Protein chains: 2
Amino acid sequence: MPRTVDHEERRSMILGAFMRVAAREGLHAVSLRGVAAEAAISLRSVQYYFETKARLMQSGLTALETISNERLSARLHALGPSPGVRATLEAYFAVALPTDHESRQFHLLWTSYAMLAMTDPEISDRTFVDGPDRQHARIASLMEKGKSDGDFHGELDSEIEATILISLIHGIGTAVLVGQQTEERAFASFGHYLDGLSGQASGEPGRDQQRSE
Amino acid sequence: MPRTVDHEERRSMILGAFMRVAAREGLHAVSLRGVAAEAAISLRSVQYYFETKARLMQSGLTALETISNERLSARLHALGPSPGVRATLEAYFAVALPTDHESRQFHLLWTSYAMLAMTDPEISDRTFVDGPDRQHARIASLMEKGKSDGDFHGELDSEIEATILISLIHGIGTAVLVGQQTEERAFASFGHYLDGLSGQASGEPGRDQQRSE
DNA sequence: AACTTTATGATACACGTGTACCATAAAAAT
DNA sequence: ATTTTTATGGTACACGTGTATCATAAAGTT
């Protein structure tokens with residue numbers, strides 16, 4: 001048609017189609033023609049906006065990360081001005097757990113991308129280090145805040161506990177995704193883990209407990 | 001060549017080639033011709049022993065599960081006649097953590113299969129429920145043993161704690177696989193988690209030490 | 001020795017794939 | 001009004017794929 005269209009809007013429209021196809025038929029089954037059909041445009045147009053398939057795949061990963069961050073931000077903002085540490089961590093968990101369509105889609109695609117990056121050099125595997133690294137830093141600082149707020153016991157190792165928490169979120173997420181765990185048990189388990197951060201933990205059992213409040 | 005060959009031996013030989021190709025180039029990139037080349041036989045022979053690709057894929061998943069169980073059994077046997085609960089759980093973790101080639105291969109393929117099963121109906125997704133279910137039962141019973149042995153505190157919820165532990169193993173495993181966590185931090189984190197099972201945990205913080213009887 | 005079964009080789013076929021190329025309508029630029 | 005640029009449509013090409021078919025050497029069976 002015309003000469004001037006909004007490239008960014010066009011690209012994100014195609015990326016939306018890409019995500020739907022990938023989530024429905026699997027990341028391995030994505031084809032340029034499939035994306036074109038989903039977006040109701042021609043194959044040529046997909047080529048026009050994403051020169052090559054490798055670039056489309058890479059853009060898809062970036063878009064996935066962006067969407068995920070936005071979802072998390074929205075959820076955290078919904079908690080109000082200065083939410084408690086526990087409520088914040090529960091929000092992290094709730095937004096990551098694959099219960100609704102969007103979170104299922106994210107978990108499936110994110111994990112598929114991660115496995116793909118292990119064998120396919122065309123996907124930058126730094127994404128799967130940098131993203132979790134940032135998340136780790138944020139959660140570790142939350143843990144510190146929890147300690148000074150008195151929510152968590154003082155012996156808590158923020159770095160290690162952040163590693164555990166992130167791994168737990170992902171691990172439980174996978175269990176729920178494949179249908180091995182129910183949403184209810186997932187929340188119960190995570191809540192149980194958070195409970196342990198408040199009481200005494202680690203090191204020498206049978207020691208005195210922390211006086212927090 | 002001849003008329004009589006050992007079918008089972010031939011099949012497992014081909015499955016070995018399948019696993020190598022899948023681990024090296026990704027599960028999505030496996031082709032009958034690729035497997036044939038890796039096994040140094042003709043395409044026709046792969047067809048002969050695994051009628052269709054779908055059946056080869058399914059057999060690959062089954063073989064993966066079998067190998068994994070054998071590796072775990074071997075590791076547990078190496079612990080001696082009546083190992084402690086903590087040592088047993090550490091063995092579970094050590095065998096699952098993707099550090100050497102075999103465990104990396106297993107984690108990569110298992111996760112790839114799980115994601116594939118989400119979109120592809122030709123892979124029975126019950127594998128990813130039944131396997132972890134059995135593992136869960138075994139670990140929950142280990143937790144119970146740990147409680148009666150006095151290794152773990154008495155308030156411990158074996159069912160929930162087993163869920164957490166399994167998810168943790170998988171979650172940390174993924175983090176190590178993608179290179180976001182080092183092997184050392186992984187072991188440290190898991191050890192830290194196990195420490196928490198000995199001391200007080202859960203429920204109402206600030207409570208008394210336990211009056212379990 | 002004649003015959004049958006088994007295992008394998010070679011190959012053809014239809015199909016889906018990513019990519020490249022040519023044409024062209026529509027708008028902008030001159 | 002003419003020319004140029006932008007966005008898109010259509011299509012061809014080479015290639016890899018799973019599957020099916022035909023052929024045949026080797027061993028067992030009679």
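Proteins come first, then strands; the chains are lettered A, B, ... in the order of their sequence lines, and each starts at number 1. A quick note: this is a predicted structure, and the numbers were derived from the prediction, not measured.
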- Give the rounded distance in Å between these two atoms: NE2 of His28(B) and P of dG18(D). 13 Å
- Item | Protein-nucleotide distance (Leu56(A), atom CG; dT19(C), atom C1'), rounded to Å |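 From Leu56(A) CG to dT19(C) C1': 14 Å.
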[X] side chain near [N] phosphate (N/O to OP1/OP2, under 4.0 Å):
X	N	value
Tyr48(A)	dT8(D)	no
Ser31(A)	dT17(C)	yes
Ser42(B)	dA10(C)	no
Tyr49(B)	dA7(C)	no

- CZ (Arg126(A)) with more than 12 external heavy atoms under 6.0 Å: no
With sequence neighbours left out, what residues match [X] under salt bridge (charged side-chain N to carboxylate O under 4.0 Å, His left out)?
X	value
Glu102(B)	Arg71(B)
Glu90(B)	Arg86(B)
Glu65(B)	Arg134(B)

- Message: Using a 4.0 Å cut-off on heavy atoms, which residues in residues 6-22 of chain B reach DNA chain D? List them by number, or say none.
- Response: none
- Message: Categorize Phe50(B) for me: base, sugar-phosphate, or nothing, with a 4.0 angstrom heavy-atom threshold over every strand shown.
- Response: nothing
If you restrict it to nitrogen or oxygen atoms, what contacts under 3.5 Å exist between nucleotides 19-22 of chain D and the protein, and what is each distance?
residue	atom	partner	partner atom	Å
dT19(D)	OP1	Thr52(B)	OG1	2.6
dT19(D)	OP2	Thr52(B)	OG1	3.3
dT19(D)	OP2	Lys53(B)	N	2.9
dA20(D)	N7	Gln47(B)	NE2	3.2
dA20(D)	N6	Gln47(B)	OE1	3.1
dT21(D)	O4	Arg44(B)	NE	3.2

- Query: In terms of ring plane angle, is the pair Tyr113(B) and Phe18(B) parallel, tilted or perpendicular, where the classes change at 30° and 60°?
  - Reply: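 Correct class here is tilted.
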- Message: Parallel, tilted or perpendicular, judged at 30° and 60°: which one describes the rings of His7(A) and Tyr49(A)?
- Response: perpendicular
- Message: Side chains of Asn69(A) and Thr66(A): any donor to acceptor distance under 3.5 Å?
- Response: no
- Do any pairs count as a salt bridge (charged side-chain N to carboxylate O under 4.0 Å, His left out) and have a residue in residues 163-180 of chain A, sequence neighbours left out, and if so which ones?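 Matches after skipping sequence neighbours: none remain.
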